[in-house]
Amino acid sequence: MQTPTDSPTYLAAELRLPTNWLDYTLLGIYFVVVLGIGFAARRSVKTSLDFFLSGRSLPAWVTGLAFISANLAATEILGMAANSAQYGAYTVHWYWIGAIPAMVFLGLVMMPFYYGSKVRSVPEFLLLRFDRGAHLLSSILFAFAAILIAGVNLYALAIVVEALLGWPQWVAIVVAGFFVLAYITLGGLSSAIYNEVLQFFVILAALIPITILALKKVGGWDGLTDTLTKSHGDDFVTAWGGTGIGDANPLGANWLTIVLGLGFVLSFGYWTTNFAEVQRALSAKNLSAAQRTPLIAAFPKIFIVFLVMIPGLAAAALVPGFGTEESGYQYNDAIPYLMEGLLPNGVLGIAVTGLLAAFMAGMAANVSSFNTVFTTDIWARYVVTDREDGYYVRFGRLITAIGVLASIGTAFLASSFSNIMSYLQTLFSFFNVPMFVVFIIGMFWKRASMKSGFWGLLAGTTAAMVNYFVLYKQDIISIPSDQGANFVSAIAGFVAGGVVMVAVSLFTAPKPTEELQGLVYGTRSPGMAEPPAPGDEAWYRKPALLGWGAVVLAAACYIPFSF
C-alpha cells in the first residue's frame, strides 16, 4: 500500500541522469517486449471471461507475482524511500502490519467467498449479498477511484522522467498511457498480468543494485545505523520508538492509531476490497490457486521493504539534512539521487526501466480493473443488457481507451496537489475503507439487511470525507499531519459505516437465508467445496500453512527493529 510523505511532488533539477545509448537501448527493448506480450495474449481472448478474467485459467505463481507487482507501483517505490529518508524505520509498518495480515485474511477468509460465488468483480459480490443500490454505488465509487489512482501513477511517472531524462511531462504521460492502452486493449487482463510478472523482475533488477551499492557506500548496516543515530536520534532506526500515546513524532501517530488506523482499517480496506488486486486472484485456475495468490505475494512483500527503506536511510545518512532546503534535495529524491551517484551505464538503464515498469504496472492494474467494473457492473448490468458476448469484449476495449484518456486527465488533476502520496492515502480512506466495513459486516453477520449495504457505504464514505475536508482542513480538530488525518478519516469512515449498517439492519428486512449460501461466513457454495486439484496436496500448496508462515515471518522481522 502506498504511503504519504510531506514532500513536494517534484525532484531536484540537478538530478538529470547521465544516460547514454546503452540505457536507451535497454529501455527500447523493454517496450518492444511489453507490446509483444500484448500481441501474444490477444490470441487467447475469445470471450468476455478471457478478456476480463483471463478465463480463470492462470496458475498461482503467475497471479501471485502479478498481485504484488500491481501494488508495487513506482509511487510506492519513490514514496516509501522518501518516507524512510524522512521518518526512518517507521516505514516497516506499511509492510509488516499494514499489508501482511490483510493479505493473509484475503487469502484464507475472503477468497473462498469471492471465488466460490463466481463473481467477476468485487462490486458484483455486493449485488449478491445486498441489493442493486449497494452494487451500483460501489461500482461507481470504484470506477471513479481507479481512474484517479491511475492518473496519480501517470503524473508521478511524468515528474520522474522529466527530472531524470529531460522529457516534458506531457510527453511522458502520453507515451506511457499509449503503451498501457496498447497491451491491455490487445490482450485484456492476461496481457496485463503477464506484463506484471515481467515488471516484477525488472523492478527487482532495478532496486537490488541500488540497495547493495548504497549500503556499501555508508559502511554497511552498522555504519548506516551509527550515522543515523548520531544525526537523527535512536528512534530513527527503530520501529516503535517514540510511538507511545502522548509522545511526539514526525508521523503524527501513536502505536494505537498505527495498529487500528493503518494495521486494521486502511490495510484491510485496501487489500481485501481493492479490485485492482483481487482481480488477479479471481483469474486463477481454481479456488486453491486463488487463495494462494495473495499468500504467495505476501512473502516478497515482507522483504521488499528493505529494497525501498535502505536507499531512503542511506540518502539521509550520506547527505546532511537530506530533504531540507539547505541540502538541495527533497525526500522524493532519495532513489534518483542514489541512481545518479552509484549506478554505471547499463545498470542505470535497468534502473530507469524498472521505475517505468513500476509506474506502468500500477496504472495497468487500475485500468484493467476499471474496464472490468465499468463494463460488467455498470454497462452490461444497467445500460445495455442481454447483448452477445462479443459485444462486451468490444465495449471492454473501447472503455479501456476511454479509461486511459481519463487517466491522462486525472494525471494533470494530481499535479494540483502538493503531495501525491498523501493524496493517494486520502483516496484509500475515502473509497476502500467504507467498502471494507460493508464487506466485513455482510460476510460475518447474516442479519445485515439488503438495504444496509448501500447506506453503510454511503455513510462511511461521507464520514471519511467530512473528517478530512471539514474537521481537519478547516482546523476544527487538531491533527499533527496529513498522515494522522488519513488514519483518523479511515477510522471515522469505518465506525460510521458500521453503525449505520447495524441501525438500518434493525429496521429493514434481511436477505432470505437460502440466498446467503456461499456469501456469509458459516455457509458454503459448491465452488467453495471443490476438491484439491492434482498436486495441490503438497504442503507448500496449502493456503493455511502459507498464510500462517507469512504472518510469523513478518512478526519475526520486527524483532531487530524493536530494541
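We count residues from 1, following the sequence as given.
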### Message
Students often mix this up, so state it plainly: with edges at 30° and 60°, are the rings of F322 and Y329 parallel, tilted or perpendicular?
### Response
parallel
### Query
Under 3.5 Å, is there a donor-acceptor pair between the side chain of T91 and the main chain of Y87?
no
### Query
Going by heavy atoms in the side chains, are L348 and N345 under 4.5 Å from each other?
yes
### Task
Step through it carefully: locate the ring centre of Y114, locate the ring centre of F439, and say whether they are under 6.0 Å apart.
yes
#### Entry: Closest approach of S69 to Q199 (non-hydrogen atoms, all atoms of both residues)
OG-CB, 3.9 Å
### Message
Please tell me whether T63 and S283 have a donor and an acceptor in their side chains that are separated by less than 3.5 angstrom.
### Response
no
### Task
Compare every heavy atom of A317 with every heavy atom of V218, then report the nearest pair and how far apart it is.
CG1-CB, 4.3 Å
### Message
Check the orientation of H93 and W240. Use parallel for under 30°, tilted for 30 to 60°, and perpendicular for over 60°.
### Response
tilted
### Query
Going from OG1 on T272 to CE on M111, what distance comes out if it is rounded to the nearest 0.5 angstrom?
11.5 Å
### Task
Under the salt bridge (Lys or Arg N to Asp or Glu O under 4.0 Å) rule, collect the residues that match up with E196, sequence neighbours excluded.
R280
### Query
Is the closest side-chain heavy-atom distance between F436 and V265 below 4.5 Å?
no
### Query
Any sub-3.5 Å donor-acceptor pair from W96's side-chain atoms to I302's backbone N or O?
yes
### Message
I'd like to know whether the aromatic ring centres of F268 and F105 sit less than 6.0 Å apart in this structure.
### Response
yes
### Query
Checking side-chain contact (heavy atoms from CB on, under 4.5 Å) for the pair W61/V197: CA distance, chi angles, key distance, verdict?
CA-CA 9 Å; W61 73 269; V197 173; 4.3 Å; yes
#### Entry: Distance, nearest 0.5 Å, that separates CG of L427 from CD1 of I149
5.5 Å
### Message
Do I100 and V104 make a side-chain contact, defined as non-hydrogen atoms from C-beta onward lying under 4.5 Å apart?
### Response
yes
#### Entry: Test of ring centre spacing under 6.0 Å for F275 and F125
no
### Query
Does the side chain of L27 come within less than 4.5 Å of D23's, by heavy atoms?
no
### Heavy atoms from other residues, nucleotides or ligands near CZ of F444 exceed 12 (cutoff 6.0 Å)
yes
## Note on the structure
Heavy-atom nearest pair, A214 first then A314, reads CB-CB, 3.8 Å
### Query
Side-chain contact, heavy-atom cut-off 4.5 Å: M103 with L295?
no
### Message
Just so I know, are the side chains of V92 and F306 near enough to count as touching, which here means a heavy-atom distance under 4.5 Å?
### Response
no
### Task
Taking all non-hydrogen atoms of both residues into account, name the closest pair between L553 and F299 and its distance.
CD2-CD2, 4.1 Å
#### Entry: side-chain hydrogen bond (donor to acceptor under 3.5 Å, both in side chains) involving Y194 - partner list, sequence neighbours excluded
none
### Query
When you measure from the side chain of Y521 to the backbone N and O of M110, does any donor-acceptor pair fall under 3.5 Å?
no
### Task
Kindly compute the distance separating CD1 (I68) from OG1 (T293), expressed to the nearest 0.5 Å.
12.0 Å
### Message
Determine whether F494 and F264 satisfy the following criterion, ring-ring contact (aromatic ring centres under 6.0 Å, His included), listing intermediate values before the conclusion.
### Response
CA-CA 10 Å; F494 184 87; F264 177 59; 5.3 Å; yes
### Query
Are N71 and Y270 close enough, and set up right, to give a side-chain hydrogen bond (donor to acceptor under 3.5 Å, both in side chains), and what steps lead you there?
CA-CA 10 Å; N71 169 254; Y270 175 84; 3.1 Å; yes
### Task
Could you tell me whether the side chain of T229 and the main chain of D226 form a donor-acceptor pair under 3.5 Å?
no
## Note on the structure
Interatomic distance, CG@L471 vs CE@M465, rounded to 0.5 Å, equals 14.0 Å
### Query
Rounded to the nearest 0.5 Å, how far does CZ of F200 lie from CG of L72?
7.5 Å
### Summary
Output for pair (T273 OG1, I440 CD1), nearest 0.5 Å, gives 10.0 Å
### Query
Which of these, Y95, F67, W94, sits in a ring pair (Phe, Tyr, Trp, His ring centres under 6.0 Å) with W271?
F67
### Task
Apply the test side-chain contact (heavy atoms from CB on, under 4.5 Å) to residues F370 and S407: give CA-CA distance (whole Å), side-chain angles for both, the deciding distance (0.1 Å), then the verdict.
CA-CA 11 Å; F370 164 78; S407 298; over 6 Å; no
### Task
List the atom of A351, the atom of I210, and the distance in Å for their closest heavy-atom pair.
CB-CD1, 4.5 Å
### Query
V152 and L148: side-chain contact (heavy atoms from CB on, under 4.5 Å), yes or no, with the steps?
CA-CA 6 Å; V152 173; L148 289 174; 5.7 Å; no
### Query
So, do L318 and Y337 sit near enough that their side-chain heavy atoms are less than 4.5 Å apart?
yes
### Message
Do I335 and L207 have side chains that approach each other closer than 4.5 Å (heavy atoms only, starting at C-beta)?
### Response
yes
### Message
Under the criterion side-chain contact (heavy atoms from CB on, under 4.5 Å), I'd like the reasoning laid out for N83 against Y331: C-alpha separation, chi angles, the key distance, then a yes or no.
### Response
CA-CA 7 Å; N83 207 48; Y331 294 112; over 6 Å; no
### Message
So which atom in I97 and which in S267 form the shortest heavy-atom distance, rounded to 0.1 Å?
### Response
O-OG, 4.2 Å
